[in-house]
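Below: one structure, written as structure tokens.
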Amino acid sequence: MSTNNHLVIMAGGIGSRFWPMSTPERPKQFIDVLGCGRTLLQLTLDRFAGVCPAENVWVVTSAAYAAQVAEQLPDVPRDHILMEPCRRNTAPCIAYVSWCIKVLNPQANIVVTASDHVVMDVQEFRRVIGGALSFTSETDAIVTLGMKPTRPETGYGYIQADLSVASARNKEIYRVDSFREKPDLATAEKYLRRNNYFWNSGIFVFRVSTIINALRVYQPEMSAIFEGMQAVYGTAKEQETINERFPLCESISIDYAVMEKAEEIFVFPASFGWSDLGTWGSLHEQSQRDANNNACIGPDIRLFDTHNCVVHTTGERKVVVQGLDGYIVAEHDDTLLICRLSEEQRIKQFSE
């Protein structure tokens with residue numbers, strides 16, 4: 001484990017698609033979605049065990065969620081829980097934490113990840129992360145993890161890789177040809193038939209000097225905001241200054257801001273059971289299922305003549321379901337949801 005390795009967890013999302021479990025006050029990253037006794041945020045930190053020292057972990061969130069982060073991740077230094085005063089997408093988030101890290105360690109090597117993804121094969125995940133960190137420690141490259149697609153998924157962005165020549169430093173890493181937006185079904189099916197298109201996981205690895213130089217080149221106005229704050233990072237004035245200047249940043253993703261423009265951008269194709277767990281359908285896909293394709297998360301769930309359902313009832317002692325096909329059954333805090341999986345996009349209106 002290198003003391004130069006740093007982990008950044010982005011935990012400011014307001015995802016409430018898992019209603020009634022998740023709400024704007026308690027988004028999905030703070031919930032035990034899988035029924036394993038650990039929240040998605042805690043599982044995120046767990047799978048990076050051995051990657052970096054505990055004092056090199058950073059979490060970027062909002063002021064509204066900072067207390068939940070501190071409660072769920074007590075070993076993360078409190079001054080490493082950075083509070084954004086408003087939502088400005090991932091580029092300002094990464095810029096802010098990168099300048100904070102640079103002040104402490106100009107040689108830092110950083111992994112950036114979301115807080116609400118799922119990884120099933122943790123051992124393989126750590127191997128891939130280790131390989132990516134080794135690669136970026138020796139180069140001025142940015143590496144993104146590309147997930148080998150298993151279905152024609154329209155909910156993810158894609159990475160087109162040049163597989164003709166592997167990197168000399170790591171035969172599993174290739175140059176990125178282009179980033180592609182979320183496709184329609186026909187395009188996703190075309191991507192699946194080819195072997196050089198990968199799901200964009202949103203997990204990035206780079207040296208702090210690399211990302212800061214890229215931000216200076218491609219986002220000079222945003223860079224000037226954080227560059228001008230170097231004297232206050234790590235001081236009592238940091239939060240006050242961030243509250244004033246962070247809202248001045250353009251709301252833009254790191255993909256648009258840097259990744260689609262950078263020249264030294266590489267992809268590490270991988271397969272470790274990854275999902276961004278953005279829907280009940282993705283939870284059904286990632287969960288262990290019975291012979292009737294039902295995913296059950298709860299202490300005592302009994303199904304009869306039921307198929308293709310996801311049942312999440314961790315707060316109930318016994319749940320009996322009969323005669324459903326393709327439904328979500330979920331409860332939390334005296335609220336019960338029964339909804340067709342095919343209609344889950346309407347859950348937001350149900351919760352209002």
Side-chain angles (χ1 to χ4, degrees), residues 1-15 18 21-22 26-84 90 93-94 96-98 100-101 104-105 108-133 136 143-145 147 201-206 208 254 268 270 272-278 282-283 286 297 314:
M1 181 196 307
S2 171
T3 56
N4 286 332
N5 290 349
H6 287 248
L7 169 64
V8 171
I9 302 174
M10 298 182 292
I14 58 172
F18 285 101
M21 289 188 303
S22 62
R26 193 183 64 163
K28 64 176 179 174
Q29 62 265 31
F30 301 112
I31 296 171
D32 178 12
V33 175
L34 299 178
C36 63
R38 301 286 281 173
T39 68
L40 294 179
L41 175 63
Q42 291 170 325
L43 289 172
T44 299
L45 183 58
D46 291 348
R47 63 176 164 265
F48 282 95
V51 171
C52 72
E55 61 270 21
N56 288 1
V57 176
W58 302 74
V59 181
V60 188
T61 188
S62 71
Y65 304 146
Q68 293 183 74
V69 172
E71 179 183 3
Q72 294 193 7
L73 303 182
D75 293 334
V76 173
R78 290 301 296 266
D79 60 345
H80 285 196
I81 301 175
L82 305 184
M83 294 183 290
E84 299 173 325
T90 54
C93 166
I94 290 171
Y96 175 23
V97 69
S98 295
C100 287
I101 292 171
L104 292 177
N105 181 2
N109 203 17
I110 302 173
V111 182
V112 176
T113 184
S115 60
D116 54 1
H117 293 178
V118 167
V119 167
M120 306 308 291
D121 188 344
V122 174
Q123 183 175 351
E124 173 64 5
F125 173 82
R126 290 173 181 160
R127 185 192 73 81
V128 170
I129 290 293
L133 282 166
T136 57
V143 174
T144 179
L145 303 193
M147 302 297 100
S201 69
I203 302 171
F204 300 103
V205 185
F206 40 67
V208 70
I254 194 67
F268 195 141
F272 41 67
W274 171 89
S275 171
D276 77 348
L277 217 60
S282 62
L283 177 60
Q286 288 297 321
I297 302 170
T314 56

Of all heavy-atom pairs linking G35 and T314, the shortest is CA-CG2, 4.4 Å

When every non-hydrogen atom of S201 is compared with those of M147, the smallest separation belongs to CB-CG, 4.0 Å

TODO: For the pair T90 (side chain) and I254 (backbone), establish whether a donor and an acceptor sit closer than 3.5 Å, ignoring hydrogens and angles.
DONE: yes

Output for pair (M21 CE, K28 NZ), nearest 0.5 Å, gives 10.5 Å

Answer yes or no: is there a donor N or O on one side and an acceptor on the other, between the side chain of T44 and the main chain of S115, under 3.5 Å?
yes

Rounding to 0.5 Å, atoms SG (C36) and CD1 (I297) come to a distance of 9.0 Å

Q. Is there a side-chain contact between I31 and R26 (heavy atoms, below 4.5 Å)?
A. yes

Rounding to 0.5 Å, atoms CZ (F125) and CZ (F48) come to a distance of 3.5 Å

Do V76 and I81 have side chains that approach each other closer than 4.5 Å (heavy atoms only, starting at C-beta)?
yes

In short, G37 meets Q42 closest at the heavy-atom pair O-OE1, 4.4 Å

* Asked: Can any side-chain N or O of N109 pair as donor or acceptor with the backbone N or O of L133 at less than 3.5 Å?
  -> yes

**OP:** Kindly indicate, with the supporting measurements, whether the criterion side chain to side chain contact (heavy atoms under 4.5 Å, CB included) is fulfilled by L145 and I129.
**Re:** CA-CA 9 Å; L145 303 193; I129 290 293; 3.8 Å; yes

Check step by step if side chain to side chain contact (heavy atoms under 4.5 Å, CB included) holds for T61 and E84.
-> CA-CA 6 Å; T61 188; E84 299 173 325; over 6 Å; no

Are side-chain heavy atoms of L82 and Y96 found at a separation under 4.5 Å? yes

Evaluate the side chain to side chain contact (heavy atoms under 4.5 Å, CB included) criterion for residues S275 and L283: first the C-alpha distance (whole Å), next the side-chain angles of each, then the deciding distance (0.1 Å), finally the verdict. CA-CA 9 Å; S275 171; L283 177 60; over 6 Å; no

d(L40 CG, H117 NE2) to nearest 0.5 Å is 9.5 Å

Return the orientation label for the H80 and W58 ring planes: parallel under 30°, perpendicular over 60°, tilted otherwise.
parallel

The side-chain contact (heavy atoms from CB on, under 4.5 Å) partner of T113 among L7, V8, V119 is L7

d(N4 CG, C52 SG) to nearest 0.5 Å is 11.0 Å

Tightest non-hydrogen contact, residues L277 and Q286, listed as CD1-CG, 4.3 Å

dist R126:CZ -> F272:CZ (nearest 0.5 Å) comes out at 12.5 Å

Under a 3.5 Å threshold, yes or no: a donor from one side chain and an acceptor from the other, between N5 and N56? no

Next on the checklist: Between the side chains of R38 and D32, is the shortest nitrogen-to-carboxylate-oxygen separation below 4.0 Å, so that they form an ion pair?
Outcome noted: no

Taking side chain as C-beta onward, heavy atoms only, is M10 less than 4.5 Å from V97?
no

Check your understanding: Q72 and T39: side-chain donor and acceptor closer than 3.5 Å?
Key -> yes

In terms of heavy-atom contacts, S98 and V208 come closest through O-CG2, 3.2 Å

Query raised in the report: Less than 4.5 Å apart, any side-chain heavy atom of V69 and any of F30?
Result: yes

Note: L34 and V118 closest approach over all heavy atoms is CD1-CG2, 4.2 Å

- Output, in order, the C-alpha distance, side-chain angles, deciding distance and verdict of side chain to side chain contact (heavy atoms under 4.5 Å, CB included) for L45 and V57. CA-CA 9 Å; L45 183 58; V57 176; 4.0 Å; yes

